[in-house]
**Q** 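Following this message is one structure expressed as structure tokens.
Nothing here was measured: the structure is a model prediction, and the numbers come from that model. Residue numbering restarts at 1 for every chain, and letters A, B, ... go by the order of the sequence lines.
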2 protein chains.
Amino acid sequence: MQFSIGCEYAIHGLLYLAMQRPDEVVLLTDVAKAQNLPVSYLAKVFQLLAKAGLVKSFRGAHGGYMLAQTPDQITLRDVTQAIEGTTPLYSPLSSRRECGLAADCVIKEAFTRAEKSLFSELEKVTLKEMMDQAIRMRSRMKWLQVPVAG
Amino acid sequence: MQFSIGCEYAIHGLLYLAMQRPDEVVLLTDVAKAQNLPVSYLAKVFQLLAKAGLVKSFRGAHGGYMLAQTPDQITLRDVTQAIEGTTPLYSPLSSRRECGLAADCVIKEAFTRAEKSLFSELEKVTLKEMMDQAIRMRSRMKWLQVPVAG
DNA sequence: ATAATTCGGATAGTTATTGTCCTAATATAA
DNA sequence: TTATATTAGGACAATAACTATCCGAATTAT
């Protein structure tokens, strides 16, 4: 039970966007190069982020991506949900197997509470906070040594 | 990001054990039959539960399984951890990919908090509570209509 | 001894994740 | 209008993880 590596790519990519000038449009290849991510898979990740409304995409020449919201509006929950979708942590009623307990299954209720608690923590963390913390420890972070406009 | 079906098998199996007379040793095949689970996979699940100290196993004739702790001592967290192990929800430092942020990675810290919150909720739910609730709604539950000794 | 059972390893089947590639759609610029 | 740059989306391949099965070894009761 782990968040997929796509989530990591997404967070790193979004952090990169957040470090740019606001309204600066960045090429996918630049994001991938700066963060050392496989560009073809990152493309899929960014499509999900765009669908979820976290980034704006621009096609054609001079196209690319920028944040669709300010960094303090984007939470870790938004990101994980954009990438992983909304499947519950525990879903005995899904296609996987018929649950004899029907809808009011006590087990499911317990997991639902746990899941809410998890998401509520992820909701507390914004891209801005992560970026600020990252800048503070920048000297230790090779991958964030990119030009940041002021 | 979902708990594996092995967790579901484990919970159902443990609930079945919890419904027996205390100290009653039950055959794996009986558990599987009663809960309609694939016995060969359930065997693996129960091996994990035994290693985690949630059930006691007895080999040989008249062997089988019983709970190693009272139902109010076994939490949902114990079960999921026994089956899924202790891999963190987010592990950029693992084998998957070198994380440029090193150990103090801010992202990882955020996920660690979230994970703790998740586990803390799962810890609140015991086998006994689930069993009691299940008994209350027993009429709706085909699979729990098994003899319970008093 | 024999029968009953779990243990552990090997392995196969299935599904999910990760990654690549190609074409279509779109936008800019000459 | 044409050429070029770029994302969108579908198809597909590779890899990894999960699920399931089987078999022989170890263990225990009779």
**Q** Using a cut-off of strictly less than 4.0 Å, decide whether A:His62 has a side-chain nitrogen or oxygen near OP1 or OP2 of C:dA29.
**A** yes
**Q** Can you list, by residue number, the residues of residues 53-61 of chain B that have a non-hydrogen atom closer than 4.0 angstrom to DNA chain D?
**A** B:Arg59, B:Gly60, B:Ala61
**Q** Checking contacts here: which listed nucleotide (C:dT20, D:dA8, C:dG8) is nearest the side-chain heavy atoms of A:Tyr65?
**A** D:dA8
**Q** Given C:dG19, is OP1 or OP2 found less than 4.0 Å from the side-chain N or O atoms of A:Tyr9?
**A** yes
**Q** Below 4.5 Å, heavy atoms only, C-beta onward: do B:Phe119 and B:Glu123 meet side chain to side chain?
**A** no
**Q** Just the table, please: protein N/O against nucleotides 13-15 of chain D N/O, every pair under 3.5 Å.
**A**
none

**Q** Can I get a per-line list of side-chain donor-acceptor pairs under 3.5 Å for residues 80-87 of chain A, giving both atom names and the distance, sequence neighbours left out?
**A**
unit_1	atom_1	unit_2	atom_2	d
A:Thr80	OG1	A:Leu76	O	3.2
A:Thr80	OG1	A:Arg77	O	3.1
A:Gln81	OE1	A:Arg77	NE	3.4
A:Glu84	OE1	B:Met1	N	3.0
A:Glu84	OE2	A:Ser4	N	2.7
A:Glu84	OE2	A:Ser4	OG	2.9

**Q** According to side-chain hydrogen bond (donor to acceptor under 3.5 Å, both in side chains), who are the partners of B:Thr70, at least two apart in sequence or on a separate chain?
**A** B:Asp72, B:Gln73
**Q** Nearest-Å distance, NZ (B:Lys44) to C1' (D:dC23)?
**A** 10 Å
**Q** Taking all non-hydrogen atoms of both residues into account, name the closest pair between A:Val55 and A:Phe46 and its distance.
**A** CG2-O, 4.0 Å
**Q** Ring centroid separation for B:Phe58 and B:Tyr65, is it under 6.0 angstrom?
**A** no
**Q** At under 4.0 Å, does any side-chain N or O of B:Tyr41 touch on OP1 or OP2 of D:dC18?
**A** no
**Q** Taking only residues two or more places apart in sequence, or in another chain, which ones meet B:Lys33 in a salt bridge (charged side-chain N to carboxylate O under 4.0 Å, His left out)?
**A** none
**Q** Assess whether one donor atom and one acceptor atom, taken from the side chain of A:Lys51 and the base of D:dG9, lie less than 3.5 Å apart.
**A** no
**Q** Between A:Ser4 and C:dT18, does any side-chain N or O lie under 4.0 Å from OP1 or OP2?
**A** yes
**Q** To the nearest Å, how far apart are A:Met1 CE and D:dT19 P?
**A** 13 Å
**Q** Nearest to the side chain of A:Gln47, which nucleotide is it out of C:dG19, D:dG9, D:dT21?
**A** D:dG9
**Q** Send over the distance from B:Ile5 CD1 to C:dA16 P, rounded to a whole Å.
**A** 11 Å
**Q** To the nearest angstrom, how far is A:Leu28 atom CG from D:dA8 atom C1'?
**A** 12 Å
**Q** Under a plain distance cut-off of 3.5 Å, with no hydrogens placed, do B:Thr75 and B:Thr126 share a side-chain donor-acceptor pair?
**A** no
**Q** Of the nucleotides D:dA8, C:dT20, C:dT6, which has the atom closest to the B:Leu27 side chain?
**A** C:dT6
**Q** Quick one: which protein N/O atoms are closer than 3.5 Å to N/O atoms of nucleotides 13-15 of chain C? Pair and distance per line, please.
**A**
none

